Number of protein chains: 2
Amino acid sequence: MLDKPKRDRRAERHEATKAEILDAAWAQVRAEGLAALSLRDLARTVGMRAPSLYSYFESKHAIYDAMYAQGTQQFVDAQRALYPLPDEPLDALKAGMRFFVEFCAADAARYQLLFQRTIPGFEPSAASYRIAEESLAEVAELLTGFGITDPEMLDLFTALTTGIADQQLSNDPGGDRWIRLIDDAAEMFYEHTTRRAERHQLGRTTR
Amino acid sequence: MLDKPKRDRRAERHEATKAEILDAAWAQVRAEGLAALSLRDLARTVGMRAPSLYSYFESKHAIYDAMYAQGTQQFVDAQRALYPLPDEPLDALKAGMRFFVEFCAADAARYQLLFQRTIPGFEPSAASYRIAEESLAEVAELLTGFGITDPEMLDLFTALTTGIADQQLSNDPGGDRWIRLIDDAAEMFYEHTTRRAERHQLGRTTR
DNA sequence: GTCTATATTTGGATAGAC
DNA sequence: GTCTATCCAAATATAGAC
């Protein structure tokens, strides 16, 4: 029988190289645009020729998919760092919005890959997509915890939040022109939903 | 002296062919994605070979630029059709939001070209860009007419509106899941800004 | 104005030697 | 695992005949 070592040094090295390739890929899309990822250039950056990349990823889409998985993982991790949330619902809402907008604003290429899907023909693998879905479901739970249960209000909230992120990225990249509006936007939304809920409550009791 | 005809039939035909090419280009980007415009395919569609396109447009970017100009013109025209606006500010606000969201939702490729700029290396020509800027300035005037003069409120309004358009296009293309929220969103924004203005008014008089 | 022919570049991907 | 060599396809663009 062969002695099986506890660590597979070859596998470790393989994973390390994959990570290195992905790092270089992120750098390239940040510099040249998400759609401008080129296997030739990518290989050169990490000191290889293009065909060697195929020892690590079976296709260009597989690289995008791995990047997508990394991005969603970063989202999940950053989201976890949000807790514990402030007790005050409004403060928690502000924190949630701020988290999302700043996460988006921090990396335009990542935002495009995760939330905009402008790569022709790219669909994240089912496994990657599921993680992203679960993570967004957590946002819904967050709102539910504040008594915001109306699905339309959830849609309104996502529209408001992505709108701020989108305008920040499109019209003031690197700045804070829309980030500064987050607290005000959260107050606007919160007041609206609570008023709405009261109205509905009232409508029910008077009937 | 040569007799100069009043109409230049050759020029007319040239413009007609240009228009035909642009129509085919729109069809192609709607079907395949904005970035997937191919001169070969485009030429085939209009019954030419690729090099013949260069008699009408000096480059691929020139085609994108002409499309950009058409898109902004469509925006301006549609905007003009909005008038006269309802007297009631809230109703006018709703009409303005609805106009913008529906204009965006009507054509994802156009939205991407005009407002998202995902074509690597493409910048609209100065002339085209100026038209777009003027048109958006009109939106600002619209709000100013309602007493919404705070530039931050204008930014909040654009964020809310583009957010609705973006979510509609990203998550329910062809549907109306976010379009249905427009009136509610306008009310939310309107109440927020009027309350805010009152507060500021109050703060000034009590000082 | 349109064509053929071609230049040139670039892209992703594969075969097979080492 | 990495390389060279190559394939294949597609892209934009130009030259020059007709």
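Just so we're on the same page: letters track the sequence lines, and every chain starts at 1. Every value quoted in this text rests on a predicted model; they were computed, and no experiment measured them.
- Using a 4.0 Å heavy-atom distance criterion, A/Thr17 is classed as making no nucleic acid contact.
- Ring centroid separation for the pair B/Phe100 and B/Phe157 does not come in under the 6.0 Å cut-off.
- The side chain of B/Arg49 approaches C/dC3 more closely than any other nucleotide in the set D/dA10, C/dC3, C/dG12.
- As rounded to whole Å, 14 Å separates atom C1' of C/dT10 from atom CG of A/Leu37.
- Atom pair A/Ile21:CD1 and C/dG12:P shows a separation of 14 Å (rounding to whole Å applied).
- Atom-to-atom, CG of A/Leu53 to P of D/dC3 comes out at 9 Å; the value is rounded to the nearest Å.
- Atom NE2 in B/His61 sits about 16 Å away from atom P in D/dA11, given to the nearest Å.
- Both tests hold for A/Arg110 against A/Phe103: distance to the six-membered ring centre under 6.0 Å, angle to the ring axis within 45°.
- Listed pair A/Ser52 / D/dC3 meets the phosphate criterion, a side-chain N or O lying under 4.0 Å from OP1 or OP2.
- For A/Lys60, taking side-chain heavy atoms from C-beta onward, the closest of the listed nucleotides C/dG12, D/dC3, C/dG1 is C/dG12.
- Residue contacts for A/Phe57: at a heavy-atom cut-off of 4.0 Å it reaches no nucleic acid atom on any strand shown.
- Computed from coordinates, the A/Met48 CE to C/dG12 P distance equals 16 Å when rounded to whole Å.
- Which of D/dA13, C/dG1, D/dC3 sits closest to the side chain of B/Pro51 comes down to D/dA13.
- Closest to the A/Leu39 side chain, of the nucleotides D/dT12, C/dA13, D/dG1, is C/dA13.
- Of the candidates C/dC3, D/dA13, C/dG12, the closest approach to any side-chain atom of A/Tyr54 belongs to C/dG12.
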- Query: What do the steps show when you test B/Arg196 against B/Asp150 for salt bridge (Lys or Arg N to Asp or Glu O under 4.0 Å), and what is the final call?
  - Reply: CA-CA 10 Å; B/Arg196 229 175 104 106; B/Asp150 186 346; 3.1 Å; yes
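- Rounded to whole angstrom, the span from the CZ atom of B/Arg44 across to the C1' atom of C/dC3 amounts to 11 Å.
- With 3.5 Å as the limit, one finds a donor-acceptor pair spanning the side chains of B/Asp184 and A/His192.
- A straight line from CG of A/Asp41 to C1' of C/dG11 spans 10 Å, rounded to a whole angstrom.
- Taking every side-chain heavy atom of A/Tyr56 into account, D/dT2 is the closest of D/dC3, D/dT2, D/dT14.
- Each of A/Ala50 and B/Arg40 lies near DNA chain D, and the nucleotide nearest A/Ala50 is the one positioned closer to the 5' end.
- Nucleic acid contact class of B/Arg13 (heavy atoms, under 4.0 Å, all strands): none.
- Whole-Å rounding puts the B/Lys18 NZ to C/dG1 C1' distance at 15 Å.
- Side-chain polar atoms of B/Ser135 and B/Gln79 form a donor-acceptor pair below 3.5 angstrom.
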